[in-house]
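Here is how names work: the chains are called A, B, and so on, in the same order as the sequence lines, proteins then strands, and each is numbered from 1.
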Amino acid sequence: MPELPEVESVRRGIQAWAQGARVDRVRILDPRILGTTSNRLIAPEAPARLTAELTGRELASVERRGKFMWLPLRHCSDDTASGSAGGDAVAEPSPARALSVHLGMSGQFRVHESTDPMHRHTRAILGLERAGRERLELRFVDQRIFGHLGVDDLVDSHGASVPRSVSHIALDPLDPLYDPERTARRIQAKRTGMKSALLDQTVISGIGNIYADEALFAARVHPLAPTQTTRISRIRTVLAKAEAVMRDSLAQGGTSFDALYVHVNGESGYFERSLQVYGRGGLPCNRCETPIVRERFMNRSSHFCPVCQRKP
DNA sequence: ATTTTGTCCTGCGAGC
DNA sequence: TGCTCGCAGGACAAAA
């Protein structure tokens, strides 16, 4: 399940290939990836519209906030020259639109040559033309179609330019502008459990079910500990552990449980072997040997040590 | 207003 | 053997 470390791994993975490339071909194989998880009504003309928006554009960079990625678009220099017929020579305008990407549960970006065999769950293909280098394809593969592709206006949010669809997402712990103290106070102001707060992408972004469980274990805090009565120092610790565990994971290329998360070249990350509680229900706690408990609440599995993480 | 619940989707494995 | 059922969970609309 791609969370911050996995998405950042993918961002770094495609950056070298995508940055500065020109989109010369777009194929939408399954239009459902153009919708959101809650809006599956795809206008019939949506694929053609996205294709028109992207074709001929240059991908300026690859950005990320939390689990969201986007690639700001700009007109290629030759396009600009022919487009502004006889107009004043203006400086390259800052990108106003971006290709926005969410990997959902099972989304992957894979770098391929166009002759490579097609993966069964390929949902979209961007053909990339790169000055002086061979053509390649960026393929969006997504088994469960929780992922999303779209083109969106760039707007200002938390001191950065992000797609409108990302503007409500909070800064993540790897963002230079991230403020852990402010985040801790916001969490304490909520009336909910600690795990719910960590998963609220408008409070802190990038944390999903795996790293929420791992951070709470590392901080010795129960997932259902009420935010309001948890001491601010404990909340600070949880945030520090969340950041630490995600940085560790990133250094190991992220967590790969199965073939659902892989790098752009198809290789897996190695953080799974470092997980302390997630996926370890019934196995002994690495600190106290007590069997790790797996319980379902919030419609999700939560994994924790009943001894190390005292009940609220 | 804020918090919780339900929904989307596919493949796989357990159980009968 | 073949079927059904449950499970995996990110984000968001809807309900509470």
With A:Glu8, the side-chain hydrogen bond (donor to acceptor under 3.5 Å, both in side chains) member among A:Arg64, A:Arg247, A:Lys67:
A:Arg64
Atom CD1 of A:Ile42 and atom C1' of B:dC9 are separated, to the nearest Å, by 13 Å
Check this one for me: any side-chain N or O of A:His102 less than 4.0 Å away from OP1 or OP2 of C:dA11?
yes
Heavy atoms under 4.0 Å, any strand shown: does A:Phe297 hit a base, just sugar-phosphate, or nothing?
nothing
Heavy atoms of other groups near A:Arg191 CZ, more than 12 under 6.0 Å
no
Strictly under 3.5 Å: I want the nitrogen or oxygen pairs between protein and nucleotides 11-14 of chain B, one per line.
unit_1, atom_1, unit_2, atom_2, d
B:dG11, OP1, A:Arg120, NH2, 3.1
B:dG11, O4', A:Gln143, OE1, 3.3

To the nearest angstrom, the CG-P distance between A:Leu34 and B:dC8 comes to 19 Å
When rounded to whole Å, the CG to P distance for the pair A:Leu198 and C:dG10 reads 13 Å
Tell me the ring-ring contact (aromatic ring centres under 6.0 Å, His included) pairs involving residues 117-144 of chain A, sequence neighbours left out?
A:Phe109-A:Phe140, A:His119-A:His121
Separation of atom CG in A:Leu103 from atom P in B:dC9, rounded to whole Å:
19 Å
To the closest 0.5 Å, what do you measure between CD1 (A:Ile207) and CG (A:Asp213)?
11.0 Å
Got a sec, which residues hit ring-ring contact (aromatic ring centres under 6.0 Å, His included) with A:Phe304, two or more places apart in sequence or on another chain?
A:His222
Between the first and last five pairs of the helix from B:dT2-C:dA16 to B:dC16-C:dG2, the angle of the axes, rounded to 10 degrees
50°
What's the CE-P distance between A:Met298 and C:dA11, to the nearest Å?
12 Å
Quick one: do the A:Ser157 and A:Arg65 side chains pair a donor with an acceptor below 3.5 Å?
yes
For A:His168 and C:dG10, what is the distance between atoms NE2 and P respectively, to the nearest whole Å?
15 Å
By ring-ring contact (aromatic ring centres under 6.0 Å, His included) - contacts of A:Tyr178 (at least two apart):
none
Let me know the distance between CG of A:Asn299 and P of B:dT7, rounded to the nearest Å.
10 Å
Kindly state which residues belonging to residues 179-195 of chain A come within less than 4.0 angstrom of DNA chain C, counting heavy atoms of the residue only, listed by number.
none
Round to a whole Å and report the spacing from NE2 of A:His148 to P of C:dA13.
12 Å
